[in-house]
2 protein chains.
Amino acid sequence: MADLMTNISIMRKSRSAAVPVETVLPADELHFDLIELLFFAYRDFVSDPDEVLAKLGFGRAHHRVLHFVNRNPGMKVAELLDVLKITKQSLGRVLKQLIDEGYILQKEGANDRRQRLLYVTAAGAALAVKLAGLQTARIARVLAELGPDAREAARRFLAGMIDAEDREHVLRLISRSDSLANGSRARNGAP
Amino acid sequence: MADLMTNISIMRKSRSAAVPVETVLPADELHFDLIELLFFAYRDFVSDPDEVLAKLGFGRAHHRVLHFVNRNPGMKVAELLDVLKITKQSLGRVLKQLIDEGYILQKEGANDRRQRLLYVTAAGAALAVKLAGLQTARIARVLAELGPDAREAARRFLAGMIDAEDREHVLRLISRSDSLANGSRARNGAP
DNA sequence: GTCATTAGGTCAGCCATGTTGACATATTTT
DNA sequence: AAAATATGTCAACATGGCTGACCTAATGAC
């Protein structure tokens with residue numbers, strides 16, 4: 001623990017020095033504001049859906065599953081596991097409930113009959129859109145307040161925050177969903 | 001559940017119509033990209049601290065407590081509860097561990113002796129700074145990639161995402177911490 | 001055609017962190 | 001003296017992560 005304090009001492013000294021010292025991470029440049037803003041923003045960002053979900057006996061875990069299945073109709077269980085980065089046992093619990101209650105259904109893969117491709121039902125799509133609508137309303141209000149460049153700036157900042165190794169994969173997922181979701185939802189809404 | 005589908009139908013129709021219909025929330029304007037970017041960005045944003053904390057037997061809950069106490073030396077338990085928006089029982093569990101393991105300590109309030117004012121110890125400050133440094137490194141990389149306006153744009157976007165009722169309070173907390181943290185950490189590091 | 005691999009499911013139990021409700025103690029306020 | 005406040009604590013429960021073990025069905029390699 002003592003070695004950790006060394007950093008602090010270095011940082012204090014660098015404050016009084018006229019020229020910047022080669023500090024590991026100057027305390028005065030810690031982005032406390034953005035760290036805390038991310039915490040508060042995310043907390044409130046998920047709070048609107050939470051209320052709706054609670055009435056249905058669902059939680060955030062259900063929301064994530066429903067959201068990504070809605071956005072990627074026909075996705076494989078393995079893909080969903082990869083996106084959510086949870087274990088199949090954790091996924092299994094919430095997925096089973098969503099299936100039992102009629103929000104998601106599975107179809108055998110055409111090529112590979114081991115696969116269980118995931119689709120939202122009509123009710124599932126409705127709920128997913130309702131929840132996305134709540135979050136969109138919050139986002140849209142902010143973007144309207146901030147002007148035309150805010151959206152792209154937010155996109156770039158958030159995309160940059162993603163782990164470099166995952167970033168391309170995630171961005172591809174997001175844009176692939178963009179093109180898929182509208183066309184396929186109409187066809188596959190109740191497959 | 002049927003009434004939920006009404007929205008969908010309206011939205012589908014608005015797609016094929018030449019003129020925009022008065023939709024509740026057009027599906028084509030749902031901010032799916034930002035919704036998902038926030039999910040992935042936040043997930044990775046907390047992942048670096050998580051690894052460090054896990055080695056110490058702590059979790060995210062400990063991180064939040066340590067962070068805000070470090071940033072607001074001498075804050076009251078009630079204030080911390082208000083910021084974190086959890087119950088005192090939940091807080092009590094993690095706070096007790098942080099105190100027992102020497103990262104946080106309490107002092108009786110000078111005016112009101114019922115109060116237990118919270119301070120980080122030297123070890124607590126070191127850990128808090130270390131964790132903030134990890135998150136700062138991620139943020140700094142992004143800001144450097146995006147140019148000089150990115151920081152203010154991110155601040156505005158994230159601040160706007162906070163519930164309107166809380167926003168002023170939170171922003172005051174963040175700026176109050178800015179002015180407090182540096183001066184008081186030196187004085188109160190080991191009170 | 002057999003066998004290893006893959007996709008997925010399931011059971012059992014543990015852990016972290018949130019919740020409610022009830023109650024205790026010390027201190028301050030009225 | 002009584003009421004209100006700040007904090008702590010016990011007990012019980014829910015959610016949603018985790019590991020480990022084991023199962024079926026289907027595919028792919030040889």
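Predicted model, so just to flag it, every value in this text is computed and none were measured. The sequence lines fix the lettering, A, B, ..., with proteins before strands; numbering per chain opens at 1.
Taken to the nearest 0.5 Å, the CG atom of L117(B) stands 11.0 Å off from the CG atom of L105(B).
Looking at R138(B), its side chain never comes within 3.5 Å of a backbone N or O of D48(B) through a donor-acceptor pair. No donor-acceptor pair under 3.5 Å is formed between the side chain of E108(A) and the backbone N or O of R114(A).
Atom pair L95(B):CG and dG18(C):C1' shows a separation of 16 Å (rounding to whole Å applied). Distance CG (L81(B)) to P (dT9(D)): 14 Å, rounded to an integer number of Å. Between the CD1 atom of I86(A) and the C1' atom of dT19(D) there is a distance of 15 Å, given to the nearest Å. Straight-line distance from the CE atom of M75(B) to the P atom of dA6(D): 14 Å, rounded to whole Å. Following rounding to the nearest Å, D82(B) (CG) and dA6(D) (P) show an atom-to-atom distance of 12 Å. Distance, L117(A) CG to dA26(D) P: 14 Å, rounded to whole Å. Rounded to a whole Å, the CD atom of Q97(B) is 8 Å from the P atom of dA16(C). For the pair L53(B) CG and dA16(C) P, the interatomic distance rounds to 13 Å; values are reported in whole Å.
Residues R43(B) and D163(A) are not paired through a salt bridge, judged by the lack of any N-O separation under 4.0 Å between the basic side chain and the carboxylate. Looking at E36(B) and R71(A), a side-chain N of the basic residue comes within less than 4.0 Å of a carboxylate O on the acidic one, giving a salt bridge. Remark: K96(A) engages D100(A) in a salt bridge, criterion side-chain N to carboxylate O under 4.0 Å.
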Side-chain donor-acceptor distances from residues 80-88 of chain B under 3.5 Å, at least two apart:
unit_1	atom_1	unit_2	atom_2	d
K85(B)	NZ	D166(B)	OD2	2.5
T87(B)	OG1	S90(B)	N	3.3
T87(B)	OG1	S90(B)	OG	3.2

Throw together a table of side-chain donor-acceptor distances under 3.5 angstrom for residues 139-150 of chain A, partners on residues two or more places apart or in other chains.
unit_1	atom_1	unit_2	atom_2	d
R141(A)	NH1	E145(A)	OE2	3.4
R141(A)	NH1	G160(B)	O	3.2
R141(A)	NH2	G160(B)	O	2.9

Sugar-phosphate or base contact per nucleotide [nucleotides 10-15 of chain D; S, B, -; heavy atom under 4.0 Å]: B-----
Heavy-atom protein contacts under 4.0 Å, nucleotides 23-30 of chain C, coded B base, S sugar-phosphate only, - none: ---BBS--
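Recorded end-axis angle for the helix from dG1(C)-dC30(D) to dT30(C)-dA1(D) stands at 20°, based on five pairs per end and rounded to 10 degrees.
In this structure, F58(A) has its ring center under 6.0 Å from that of Y103(A). Side-chain rings of F68(A) and F39(B) approach one another, their centers coming within less than 6.0 Å.
At the phosphate of dT17(C), neither OP1 nor OP2 sits under 4.0 Å from any side-chain N or O atom of S90(B). For T87(A), a side-chain nitrogen or oxygen approaches OP1 or OP2 of dC18(D) to under 4.0 Å.
Note on E79(B): nothing from the nucleic acid sits closer than 4.0 angstrom, heavy atoms only. Heavy atoms of Q106(A) sit under 4.0 angstrom from primed sugar atoms or phosphate atoms, though from no base atom.
Here H31(B) pairs with R151(A) under the side chain to side chain donor-acceptor pair (under 3.5 Å) rule; sequence neighbours left out.
Ranked by how close their nearest DNA chain D nucleotide is to the 5' end, L91(A) and A78(B) are led by A78(B).
Between H63(A) and H67(A), the angle of the ring planes goes over 60°, which puts this pair in the perpendicular group of the 30/60° scheme.
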